[in-house]
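First up is the structure itself, then whatever we jot down about it.
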Amino acid sequence: MKRLLVLGTLLMFSVITVQAQEVSFGLKGGFNAANTKTDSGFETETRNGFHVGLYAENRLSDVFAIQPELIYSQQGFTESNGASEREQKVDYLNLPVMLKVYVIPGLFVEAGPQIGFAINDKEEINGPFFTSETERDPDSFDYGVGLGGGIKLFNGLMVGARYNIGLGELYEDVEFNNRVFQVYLGIEL
């Protein structure tokens, strides 16, 4: 599954350059509300963070566009039991490729695959009598699907929201999967 998703994403990147009628580049960034969920349904508390990166919107027609992105994203989760709090800070370099459908001019919905590479993982535990910080080694590769929508104004300003559903396991020994809700602002360059 991982290989198929990586191959498909890379194939989409190469096809985009051949098929694009109009390409616009831009910057985007915003707020992340990230947590993890297990296959059994257990969900951790939210870690707030941010994301920032570059995008290239490739207009295929007035209705369809493909938008590859390169995004730095702060993800992870928090857990608390009343006496102590654990915060897992996992930072990713994500590569989503979104198919955008302009329902009406300026209003779009989007969906597409995403692959991500963990570049940092730090665990902080704060208790009433102690504090500890540990570097962990996450599974360096993640993959998933993003769903969202937004508004693109005539001046190139874009406002949107996206929900990323991770399908890869965060750690080999635990069945945590990433979940990230993002609100963002983008601007064409």
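Any value given below was found using the heavy atoms of this structure, including those in side chains, with hydrogens, waters and symmetry copies removed.
- Around CG of Asp62, the count of heavy atoms belonging to other residues, nucleotides or ligands within 6.0 Å does not exceed 12.
- Connection of Leu70 to Ile115 is established within a shared hydrophobic cluster, with ILVMFWY side chains joined at heavy-atom distances below 4.5 Å, either directly or through further cluster members.
- Checked by atom type and distance alone, the side chain of Asn164 never pairs as donor or acceptor with a backbone atom of Arg162 at under 3.5 Å.
- Under the 4.5 Å side-chain heavy-atom criterion for grouping Ile, Leu, Val, Met, Phe, Trp and Tyr, Val180 is not connected to Leu93 through any hydrophobic cluster.
- A donor-acceptor pair under 3.5 Å is absent between the side-chain atoms of Arg86 and the main chain of Ser80, judged by distance alone.
- Looking at Leu27 and Leu54, their side chains come closer than 4.5 Å, going by heavy atoms from C-beta outward.
- For the pair Arg59 and Val63, the tightest heavy-atom approach, listed with the atom from each and the gap, is NH2-N, 4.5 Å.
- Gln75 and Asn94 share a side-chain donor-acceptor pair at under 3.5 Å.
- Between Lys37 and Asn177 the shortest side-chain heavy-atom distance does not fall below 4.5 Å.
- In this structure, Ile104 CD1 and Ile151 CD1 are separated by 8.5 Å, a value rounded to the nearest 0.5 Å.
- Taking both residues in full, the closest heavy atoms of Ile71 and Gly53 are given as CD1-CA, 3.8 Å, listed atom of the first, atom of the second, then distance.
- For Phe181 and Tyr163, the ring centers sit 6.0 Å or farther from each other.
- The shortest heavy-atom contact between Pro68 and Ala56 is CD-O, 2.9 Å.
- Between the side chains of Asn35 and Glu45, no donor-acceptor pair is found at a separation under 3.5 Å.
- Residue Tyr184 comes nearest to Ala161 through the heavy atom pair CE2-N, 3.7 Å, listed as atom of the first residue, atom of the second, then distance.
- Here salt bridge (charged side-chain N to carboxylate O under 4.0 Å, His left out) pairs that include residues 144-157, with residues two or more places apart or in two chains, are Glu57-Lys152, Lys152-Glu188.
- Taking each heavy atom of Ala118 and Val90 in turn, the nearest pair found is CB-CG1, 4.3 Å.
- You'll find the side chain of Tyr55 reaches within 4.5 Å of the side chain of Met158, heavy atoms only.
- Using a 4.5 Å heavy-atom cutoff, the side chains of Thr44 and Thr78 are not in contact.
- Aromatic pair Phe117/Tyr92: centroids not less than 6.0 angstrom apart.
- Separation of atoms CD (Glu124) and CD (Glu133) is listed at 4.5 Å; rounding is to 0.5 Å.
- Contact check for Asn178 versus Thr36: side-chain heavy atoms found under the 4.5 Å cut-off.
- Atom OH in Tyr143 sits 6.0 Å away from atom CG in Leu167 (nearest 0.5 Å).
- Side-chain atoms of Tyr72 and Asp91 include a donor-acceptor pair closer than 3.5 Å.
- Taking CD1 of Ile119 as the reference point, atom OG of Ser73 lies at 9.5 Å (rounded to 0.5 Å).
- Under the 4.5 Å side-chain heavy-atom criterion for Ile, Leu, Val, Met, Phe, Trp and Tyr, Leu185 and Phe31 are members of distinct hydrophobic clusters.
- Considering only heavy atoms from C-beta on, Val97 stays 4.5 Å or farther from Gln67 through its side chain.
- Within 6.0 Å of the CD1 atom in Ile187, the count of heavy atoms belonging to other residues, nucleotides or ligands exceeds 12.
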Exercise. Hey, mind stepping through Arg47 and Gln74 against side chain to side chain contact (heavy atoms under 4.5 Å, CB included) and telling me if it holds?
Worked result: CA-CA 9 Å; Arg47 176 191 181 214; Gln74 291 183 330; 3.9 Å; yes
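- Contact annotation: the side chain of Val101 approaches that of Phe64 to within less than 4.5 Å [non-hydrogen atoms, C-beta and beyond].
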